[in-house]
Structure formats: C-alpha cells, structure tokens
Amino acid sequence: MPLRTWALACLAVLTLFVLSEAVKKEDFKTCSQSAFCRRNRALADSANSDAHWASPYTLVKGSIRFSNNYMTADVQNTQTNNVLVLELQVLVDNTVRVRMDEKSPIHPRYRDHEQFTLVDKAKPIKPFKSGKNTDGVVKISLDADRKIVVTPSPLVIEFLVNDEPVITLNDRGFFNFEHLRTKESHKPKMVKQTKEDGTEEEVEAPEEKDLWEETFKTWTDSKPRGPESIGMDISFNGFSHVYGIPEHASTFSLKETRGGEGAYEEPYRLYNADVFEYEMDSPAALYGSVPFMMAHRKNESVGVFWMNPSETWIDIVKTSEQAEGTAVQKVLNLVKPSSNKKSTKTHWISEAGILDIFVFFGPSSKDIFRQYTRLTGQPAMPQNFAIAYHQCRWNYINQNDVHEVDSQFDHHDIPYDVIWLDIEHNDGKRYFTWDSGKFPDPIKMQKELDQKGRKLVTIIDPHIKRDDDYYVCKEAKDKSLFVKQPSGDDYEGWCWPGQSSWVDYTNPESRKWWADKFKLDNYQGSSEALFVWNDMNEPSVFNGPEITMPRDMVHNGGWEHRVLHNIYGQIYHGSTAQGLEQRSNVPKRPFVLSRAFYAGTQRFGSIWTGDNMAQWDALQASMPMILTIGVSGIPFAGADVGGFFNNPSTELLVRWYQAGAFQPFFRAHAHIDTKRREPWLFGDPYTSMIRSVVRERYALLPYWYNTFQEAHETGVPIMRPLLVEYPEDENVFAMEDQYLIGSGILVKPVTEEGATQTNVYFPPSDIWYDLHTHNLVHGQGSQVVSAPLDVVPVFYRGGHIIPRRERLRRSSHAMTLDPFTLVIALDKQGEANGSLYLDDGETYAYAKAEYLKGQFHFENGVLSYTVAHSNPHFASTIASVRVERLVILGQVAATKAVATDAAGSRQLQMEETQNGKIVVRDPAVLITENGWKIELS
Ligand code: NOJ
C-alpha cells in the first residue's frame with residue numbers, strides 16, 4: 001500500500017475508533033506522568049512534610065532599586081546560586097504586576113505571548129509610597145489601604161488590605177524557577193540508596209528522570225532545552241471560594257485537588273486538548289485555558305492572572321488558619337486576633353516561560369472583571385444576529401437541505417438567524433473551497449438567506465491538507481508559513497483532511513496572509529453574509545501526543561510549541577476575526593466561533609464547550625462551565641444545545657433549549673451520526689415548547705444586547721453568578737445551577753429528568769416576579785416553584801426595567817424597527833430603573849458615538865425617560881421606533897395613565913389585571929425623544 005493510502009486508511013480506522021469509544025483517559029497525562037508537574041508537586045510535598053523547610057529564594061538586599069516606577073531586585077536561589085530579577089510594578093486600577101526572569105539566562109525565555117495577550121502596555125504608575133527598611137523588607141503602598149510587602153529571606157510577597165494579607169506568594173515555600181542549563185553543565189542531584197547487601201550507593205535523585213527527554217505512550221519529547229518549569233504557591237487568605245481557570249467540566253466554586261473527601265486527586269490542568277467524550281466532574285484539561293482565578297468572601301473579591309501560555313497545572317487546598325499569622329504579619333506586628341479563617345491555598349506550575357503574575361485587589365468582583373479585561377481586552381461587541389438563535393449540525397448536506405431547513409423554520413414560525421455548515425461542505429476538507437456537487441451556488445444560497453436577514457457560517461480549521469494542488473497549502477508551503485519540525489521541514493500530522501500541516505499564526509506574515517484569505521475575492525463563494533467557525537484549534541492532531549502537536553515542534557523565532565501551546569488557538573481565532581473585519585469597505589464586526597481559547601479570546605468572538613453528550617449531566621455541567629468561562633473574561637459562551645454525541649430524549653432536548661435560550665451563545669448542534677433533530681421533527685406539544693422558548697430569546701434580544709454592551713464596556717459577565725450581584729450573601733457563593741442574565745433576570749433551568757418542579761433561591765434583599773405569569777413570588781430564600789416541561793423558571797428582579805420586542809419575526813434583523821414593550825418590575829419601594837442601548841448592530845460606528853443610550857426611571861407612579869446619548873445620524877435611522885406597551889409589575893394602584901411628550905399630553909388606554917399588574921397600551925412615545933413621561937394615577 002502506498003504510504004499516503006496507508007495513512008488515510010489508518011486515519012479512517014482511527015476516526016472510527018475515536019467515534020465509538022468514550023473518553024480514553026490514558027490518552028492524556030496525569031500530573032505524575034508529566035515530569036515538570038511531578039517535580040513541582042514533589043517539592044510541595046517536601047515543603048509540607050519538613051518542619052524546617054525554608055524556600056531557598058532570597059532577595060539580595062543591596063540590589064533593591066526603585067526606578068522608572070518599578071521596584072527591582074535580585075533574587076538568589078541559595079541552593080543553585082542562580083540569580084533571578086524580580087520586578088514589581090503598580091499599575092492603574094488596583095492592579096500589581098510581579099515578574100521574575102533569570103538575570104542571565106543562557107538563552108532568552110519566552111515572552112512574546114504578551115503581545116497576543118495584553119492590549120494595554122501595562123505601564124506602571126508611581127506608587128503612592130515605597131521604601132525598604134534595614135532588614136531589606138520592602139513596602140509599596142497603592143493607597144492608604146492597600147500595600148505590598150516583600151520579606152527578603154525567604155522571599156515572600158504579600159498583598160495587604162488594611163494590614164491584612166489577602167494574597168501571599170511563596171508563603172508555603174513552593175516557589176521554584178528552573179534555570180536554563182546545558183545538558184553538559186547539568187550536575188544531577190544525587191541521593192543515597194541502600195543496596196540489597198546493606199551498603200549504600202549514590203544514585204540520581206528521582207526528579208532527575210525525564211529532564212532531557214520524556215516519553216509518553218509512543219511519543220518522545222526531545223526537550224532540547226531541558227527543564228525550565230516555574231512553580232509558585234499563591235494563597236488567598238481568608239477566602240474559602242475560588243473560581244475561574246477554565247476550561248474544566250467541574251464545579252463553579254473550584255474543588256480541592258490533593259485528595260480527601262470530595263476532592264480531586266489531580267490538579268486542575270490547563271493544556272488545550274481535544275478530548276473525546278470528556279468526563280464530567282473532572283479537573284482534566286479541555287479545549288481552552290485561562291489562567292485567571294478570582295477569590296471571593298463576604299463583600300470582597302481579589303484575583304490573580306498567571307500570564308503563561310505553556311502547560312499549567314494548579315493544585316488547590318483549603319485550610320483553617322489559626323490566629324498566629326503569617327511570617328510577614330509577625331515581622332510587621334500585624335497579627336490580628338480575629339484572623340481565624342478558612343483560606344484557599346493554590347500551587348501553580350507551568351512548563352516554561354517566565355513568572356508573570358497580575359494581582360487584582362478588587363475590591364468587588366465587578367472591579368476584578370474590569371481590572372482583568374483592561375489588561376486582556378474588552379469582550380467584542382457582537383453583531384445583532386450573533387446573539388440570536390443558531391441552527392447547526394454536522395452536516396447540512398447540500399444546498400437543498402439548507403433551503404429546506406431554512407423554509408421549515410418559517411413554516412413552523414420559529415425564528416432563527418444563522419445556519420451552519422460543518423466540514424462536509426467543502427472539497428475534501430480543503431477549507432475555503434466548496435463541494436460543488438453539493439453546493440453548486442453558495443452565493444445564491446447566501447443571498448436567499450440574507451434576504452430574510454439570515455447568515456451562513458462555514459467551518460474553517462487550522463489544519464491544511466497537504467496537497468500541492470490546493471492553493472492554500474501551496475501558498476503556505478511556498479511562503480514557509482507552516483509550523484516546523486526541529487529539522488526545519490514542515491510539521492505534518494493527521495486531522496480531518498488526512499495528512500495536514502498547521503499554519504504558524506505566531507508569525508506576523510502568516511497572520512496577514514491568513515486574514516487576506518477571507519477577502520471576498522479570495523474566498524470564492526463567500527459573501528458578507530458568511531461568517532466563520534474555527535474548530536480543532538487546540539490544535540487537534542489525531543496522531544499527536546495527547547491528540548495535539550508535539551511540544552518540540554518549532555514556531556516563528558525558533559520557539560518550541562511547548563512555550564505557547566495554550567495561546568495557539570487564540571492567535572488563530574484573532575487572525576480569522578481580523579480577516580472578516582477587513583473584507584468589507586466599511587469594517588463589520590466579525591463573528592467567529594472558536595473551540596480553543598486563552599486569556600484575551602474575548603476580543604475575537606465566542607466560544608463553546610465542545611463535544612458534550614446528549615445526557616442530563618452534560619446539560620447540568622454547561623452551567624458551571626459557562627459561568628466559569630464568563631468570570632474569566634469571556635462572556636460570549638454556550639454549549640451545544642441537545643448535546644453533540646448521541647440522541648437526546650425529547651424531554652432532554654426541550655429542557656436543553658430552555659437552558660440554551662438563556663445562555664449567551666445559543667446554538668443547536670449535533671454529531672453526524674445522530675438523528676436529525678430540527679425543532680419541528682418532534683411534533684406538538686414539544687415543537688411548541690421549543691418554539692416558545694426560542695421566541696422568548698427573541699423577545700428578550702434588546703435586553704441581551706444591552707447586557708452584551710455592558711460586558712463590552714466593563715468585562716462583567718453576561719451569564720452572571722449570583723455572587724456578583726449579592727456579594728454579601730454566603731448562600732450564593734457556590735451556586736451554579738441558577739444565575740442571572742445581566743442584573744435583572746434570574747434563571748433556573750430545569751436539568752433533572754422527569755422534574756415538574758424545582759427549588760429556586762430568591763435572594764431575600766429583592767422581590768421577584770415570574771417572567772411568564774408576571775406574578776410576584778411569595779416567600780423568600782429557597783422556594784419550590786412549579787416547572788412542568790413547558791416552563792423554564794425565569795424571574796424579573798424587582799427594581800429593573802426590561803426592554804422586550806414581542807412581534808414575531810423570522811430573524812433578529814427583521815426586528816430592527818419594531819416597537820418595545822417595557823416590563824417595569826418594581827422593587828420594594830415601588831421603583832425601577834433600566835436602560836436601552838441601540839446601535840446599528842453591525843459596524844463599528846458605535847465607537848464613533850453612533851449609538852443611542854436611553855435611561856428609564858420609575859418612581860412615585862411616574863415612568864420617565866432620558867436619552868443619555870444620541871447621535872443624530874443613528875437616531876434618524878430609528879426615528880419611528882416607539883414604545884408600544886408598558887407592563888408594570890408591583891401592585892401599583894392606578895386607574896389612569898397619561899403620557900407627556902413633545903406632542904403634548906394624552907390619556908392612554910390601560911388595563912389592570914388581578915395580579916397586581918398594570919398594562920398600558922400603546923403610549924407611542926419615541927425612544928429617540930428625550931424627556932417624555934408616563935404618569936399613573
Ligand atoms: C469537532 C467539533 O467539536 C464539532 O462541533 C464538529 O462538528 C466536528 N469537529 C466536525 O467538524
């Protein structure tokens with residue numbers, strides 16, 4: 001058999017195998033199978049078990065300098081004598097950066113990821129106060145309340161609020177910075193071992209194993225640079241909950257990882273990986289990685305961003321501390337008698353790079369989201385259509401199929417905005433091409449969709465089929481844009497197209513070339529109604545170690561893949577987004593869905609939680625997963641509605657639509673081997689149940705858009721954990737089965753088979769109204785609510801005004817000029833506030849102030865409206881848009897409603913129902929007009 005045919009045959013077998021087995025845990029390393037994780041965990045174990053353990057790292061007192069707003073000092077490892085340089089910088093907005101790198105490395109360590117991760121140059125500012133004492137203790141104050149204290153020996157860095165350390169680095173002495181060395185110069189650590197005959201011999205210590213070469217299954221990693229890992233313990237003092245570090249199918253409040261009841265045995269792992277049928281409740285790595293963690297306690301949040309895109313493991317343990325205090329507290333006489341609290345102690349271990357930690361002082365979680373996204377970038381403002389409903393499957397087989405599915409949505413009166421084409425749409429998995437037999441006229445297909453305001457998404461993966469007759473491959477080869485083997489030849493591996501190579505997006509030339517591929521002339525058969533799905537970008541390599549690229553492959557500048565693995569998919573995602581943005585004369589906001597992600601992905605688009613199962617536990621897991629991704633800066637996330645693998649029961653599908661309609665990215669998707677499951681295939685009552693919840697998504701689109709805009713501006717998650725809004729309520733700190741959308745809507749999807757009721761926790765500081773019945777919720781705290789299959793429990797929060805659009809349309813585009821219904825959910829004082837953000841939903845004109853922002857306020861029976869911002873050009877495009885209904889919830893007694901606007905005063909038609917609700921019909925006030933009022937009396 002020729003090599004090529006053999007390879008393809010193997011691929012087919014492999015694919016079949018892959019598609020027929022559940023997760024193969026043995027395909028992925030455990031910490032003990034990863035030499036650097038093993039070494040660092042062993043160090044932690046020795047530190048824990050040795051009462052006399054002291055970290056060998058010491059600040060060299062004479063080297064401390066304060067200049068250019070930095071504090072720098074040498075840090076010496078007293079065991080190896082290797083010297084590091086510590087840089088401490090205070091940044092704007094209660095943020096501190098701590099960096100350490102070798103003072104004189106034998107070659108540079110990787111830092112280039114900074115340009116892909118940070119948008120802000122992270123310029124230091126002059127601290128409020130800084131100084132050192134004669135013992136070499138450095139104190140830097142951010143303001144009167146917050147300071148950093150560095151004790152020199154052993155090196156400990158504390159972040160204090162009101163003299164209490166909230167975060168401490170190296171208090172457990174796990175700091176470890178493996179300096180670069182040559183194999184020849186390396187002196188192995190020797191230990192004594194007793195032989196069988198009782199005599200002693202010297203042998204290499206266990207940690208010497210795998211320093212220069214490491215084998216996992218059949219793959220050997222050549223590790224030409226030897227060991228270069230970094231480990232650091234970070235303690236969150238007095239915080240019993242930590243969150244973040246996606247992506248894992250785990251709990252929202254993260255678990256302990258060093259064994260014991262309910263704890264994991266393995267650390268949380270960040271190593272972007274394509275995991276087939278991934279396991280639930282596990283710290284194992286998945287498709288994306290964001291090394292960001294937030295800790296929360298009553299009314300206070302702090303955060304840490306460990307900026308390192310190489311493989312990273314994080315151990316978590318929780319402790320109860322006694323009042324004796326930490327080393328630094330003792331030195332400074334800061335021990336407070338009350339410091340008997342539960343703390344979370346974490347241990348971060350990365351394979352390579354430098355130590356680069358950002359500490360966020362908060363003090364609220366909303367502050368943390370702003371501080372973190374100020375550095376890593378604002379979540380992109382999506383186009384209108386992107387937040388509506390998406391219909392996907394692997395695969396809509398041909399143009400007719402697309403046409404048919406599209407028409408059926410209309411026939412069944414179910415709105416949708418986007419239809420997706422998976423990998424079978426192109427010519428032999430050659431991206432940017434079409435299978436012309438199946439899709440003879442893709443432009444016509446897109447035009448037909450576009451006429452209804454709908455879009456098409458095609459999949460474009462980063463693996464490029466090795467085929468000299470395929471222009472994308474030929475060009476990349478000729479321009480030398482592929483990732484290389486150590487020999488300098490193009491790296492080749494297997495993916496969907498068979499033998500493939502991977503574009504090296506870390507090369508600026510590749511990024512430019514790739515972005516240009518999306519020009520309408522270059523991507524034949526594409527139009528401005530076509531958007532993109534970036535899949536398999538961990539990168540997934542079917543025959544690679546852990547289904548990915550070998551770590552010793554080489555990127556631009558000679559950097560090994562290992563140093564940047566976790567950011568590869570993000571750079572690719574960014575290049576695609578740039579391509580879509582620049583393909584039109586007036587740049588449009590791109591829509592690109594990515595599977596892999598890293599810190600900063602929020603700038604480029606949305607992500608989803610990959611290949612989930614059509615099972616109840618996967619539906620349950622979607623909530624903590626999206627909440628976790630959301631608090632880690634990426635608000636636009638979702639899970640495949642219905643479950644990707646296998647066929648959901650009708651009940652599960654309905655429940656999944658109900659959950660998905662209230663998650664930021666709302667897309668149904670299914671594996672090629674599953675039965676078709678478009679909503680009309682189930683018949684009534686199920687089709688109606690799905691229709692009704694999809695319509696509910698559309699009705700709430702104005703509210704979703706407002707919330708996306710808020711996330712864009714502030715970084716605050718769209719799907720919001722309750723602790724963000726109720727930071728003082730300990731009942732909600734670990735809550736993951738209910739959440740808020742923005743600040744005004746509470747959602748508790750039903751995720752138990754057969755359930756007809758569910759428990760909902762109603763934070764007692766507010767009052768709540770059922771979104772469907774408009775009834776006030778009686779009782780506070782945990783309440784049982786009825787939830788038969790046609791009901792998803794959703795509630796308006798008192799004090800909020802929610803804009804809705806209730807005309808039934810085919811797509812979001814068709815709703816652009818529709819009137820608004822305002823749901824005014826009054827709080828205990830009979831007041832409510834809300835806002836309305838509108839822009840063209842498509843371009844970046846909003847950045848040039850072409851948008852409208854209106855504010856609603858209800859008090860003493862009067863609704864008043866203020867246009868906080870308006871742009872004449874944009875306002876002229878929505879001049880006719882009016883309010884067509886007010887729904888006031890909250891027992892206001894009134895018999896009369898009068899609207900007063902520029903046209904004068906007029907009495908309105910009103911109707912009162914027995915539920916304490918008032919509906920005011922057609923006040924016909926314009927949303928572009930400032931200052932109107934509607935008075936109830
Ligand atoms: C893997 C993706 O996760 C899945 O959504 C997609 O359908 C297949 N690749 C085929 O492209």
Side-chain angles (χ1 to χ4, degrees), residues 113 116-117 246-247 270-276 278 285-290 309-311 392 394 420 422-423 426 429-432 457-465 472 476 481-483 491 493-497 500-507 510-511 513-515 517-518 531-544 546-551 553 555-556 561-562 564-580 590-611 629 634 636-638 640 644 665 669:
H113 57 286
F116 304 115
T117 312
E247 186 179 24
L270 296 179
Y271 190 60
N272 290 1
D274 180 1
V275 185
F276 176 74
Y278 59 81
L286 290 177
Y287 314 95
S289 300
V290 184
S310 69
E311 182 188 0
C392 186
W394 178 13
W420 293 52
D422 208 323
I423 48 175
N426 50 38
K429 319 289 187 298
R430 292 171 183 83
Y431 304 108
F432 301 101
V457 165
T458 55
I459 195 165
I460 309 254
D461 290 352
H463 46 256
I464 304 297
K465 186 177 175 69
V472 180
L481 302 179
F482 285 130
V483 178
Y491 166 65
W494 297 346
C495 207
W496 299 124
S500 306
S501 283
W502 277 259
V503 176
D504 177 12
Y505 297 94
T506 67
N507 178 349
S510 309
R511 296 200 293 280
W513 168 80
W514 183 258
K517 288 274 147 295
F518 293 90
F531 295 84
V532 177
W533 175 13
N534 280 171
D535 188 16
M536 312 297 276
N537 50 337
E538 296 71 30
S540 173
V541 181
F542 293 156
N543 61 341
E546 304 193 83
I547 330 285
T548 191
M549 186 175 282
R551 292 163 202 251
M553 295 303 107
H555 290 264
N556 185 43
H561 183 68
R562 88 182 70 244
L564 56 87
H565 173 82
N566 286 344
I567 204 175
Y568 175 84
Q570 187 247 47
I571 306 173
Y572 161 63
H573 187 195
S575 308
T576 306
Q578 200 196 333
L580 292 192
F591 172 77
V592 186
L593 177 76
S594 172
R595 192 171 69 176
F597 57 88
Y598 181 70
T601 284
Q602 67 269 16
R603 307 195 299 269
F604 308 125
S606 54
I607 63 108
W608 92 109
T609 60
D611 299 346
I629 292 164
I634 308 176
F636 198 4
D640 285 348
F644 178 69
F665 176 59
H669 183 40

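A quick note: this is a predicted structure, and the numbers were derived from the prediction, not measured.
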Next on the checklist: Once you measure the plane-to-plane angle for His669 and Phe644, does it fall in the parallel (<30°), tilted (30-60°) or perpendicular (>60°) bin?
Outcome noted: tilted
Checklist entry - Going by the angle between their ring planes, with limits at 30° and 60°, are Tyr505 and Tyr572 parallel, tilted or perpendicular? => result tilted
Using only atom types and a distance under 3.5 Å, with no angle test, would you say the side chain of [X] pairs donor to acceptor with the backbone of [Y]?
X      : Y      : result
Thr548 : Pro539 : yes
Gln570 : Tyr568 : no
Lys465 : Pro497 : yes
Ser575 : Ile571 : yes
Arg603 : Thr117 : yes

Checklist entry - Where do Phe432 and Phe518 land on the ring pair (Phe, Tyr, Trp, His ring centres under 6.0 Å) test, with the steps shown first? => result CA-CA 8 Å; Phe432 301 101; Phe518 293 90; 5.0 Å; yes
Least distance between heavy atoms, [X] atom then [Y] atom:
X      : Y      : result
Ser540 : Arg595 : CB-NH2, 4.0 Å
Trp420 : Cys392 : CB-SG, 3.4 Å
Pro590 : Leu580 : CB-CB, 3.8 Å
Ser510 : Val503 : CB-CG1, 3.8 Å
Pro246 : Leu270 : O-CD2, 3.2 Å
Pro309 : Ile567 : CB-CB, 3.8 Å

Item to check | side chain to side chain contact (heavy atoms under 4.5 Å, CB included) evaluation trace for His555 with Asn507 | outcome: CA-CA 8 Å; His555 290 264; Asn507 178 349; over 6 Å; no
Item to check | Close side-chain approach of Phe604 and Val592, heavy atoms under 4.5 Å | outcome: no
Checklist entry - Looking at side-chain heavy atoms only, is the closest gap between Leu564 and Thr506 below 4.5 Å? => result yes
Please determine whether a side-chain nitrogen of the Lys or Arg among [X] and [Y] lies less than 4.0 Å from a carboxylate oxygen of the Asp or Glu.
X      : Y      : result
Asp461 : Lys429 : no
Arg551 : Glu546 : yes
Arg562 : Glu311 : no

Item to check | Derivation and outcome, side chain to side chain contact (heavy atoms under 4.5 Å, CB included), residues Trp496 and Phe542 | outcome: CA-CA 8 Å; Trp496 299 124; Phe542 293 156; 3.7 Å; yes
Item to check | Residue pair Asp274, Met536: steps toward the side chain to side chain contact (heavy atoms under 4.5 Å, CB included) verdict | outcome: CA-CA 7 Å; Asp274 180 1; Met536 312 297 276; 3.8 Å; yes
Checklist entry - Out of Asn272, Ile634, Asn566, which residue meets the side chain to side chain contact (heavy atoms under 4.5 Å, CB included) rule with Phe597? => result Ile634
Checklist entry - Looking only at side chains, do Thr576 and Asn534 share a donor and an acceptor under 3.5 Å apart? => result yes
Checklist entry - So how far is it from Tyr271 OH to Ser289 OG, rounded to the nearest 0.5 Å? => result 10.0 Å
Next on the checklist: Is the distance from the ring center of Tyr491 to that of Trp502 below 6.0 Å?
Outcome noted: yes
Checklist entry - Can you check whether His463 and Tyr431 have ring centres sitting under 6.0 Å from each other? => result yes
Checklist outcome for this item: Only residue of Phe665, Phe636, Trp533, Tyr287 satisfying ring pair (Phe, Tyr, Trp, His ring centres under 6.0 Å) with Trp608 is Trp533
Next on the checklist: I need the single residue from Thr601, Asp535, Asn537 that forms a side chain to side chain donor-acceptor pair (under 3.5 Å) with Ser594. Which is it?
Outcome noted: Asn537
Next on the checklist: One pair to check against side chain to side chain contact (heavy atoms under 4.5 Å, CB included): Ile607 and Ile629. What are the steps and the verdict?
Outcome noted: CA-CA 9 Å; Ile607 63 108; Ile629 292 164; 3.7 Å; yes
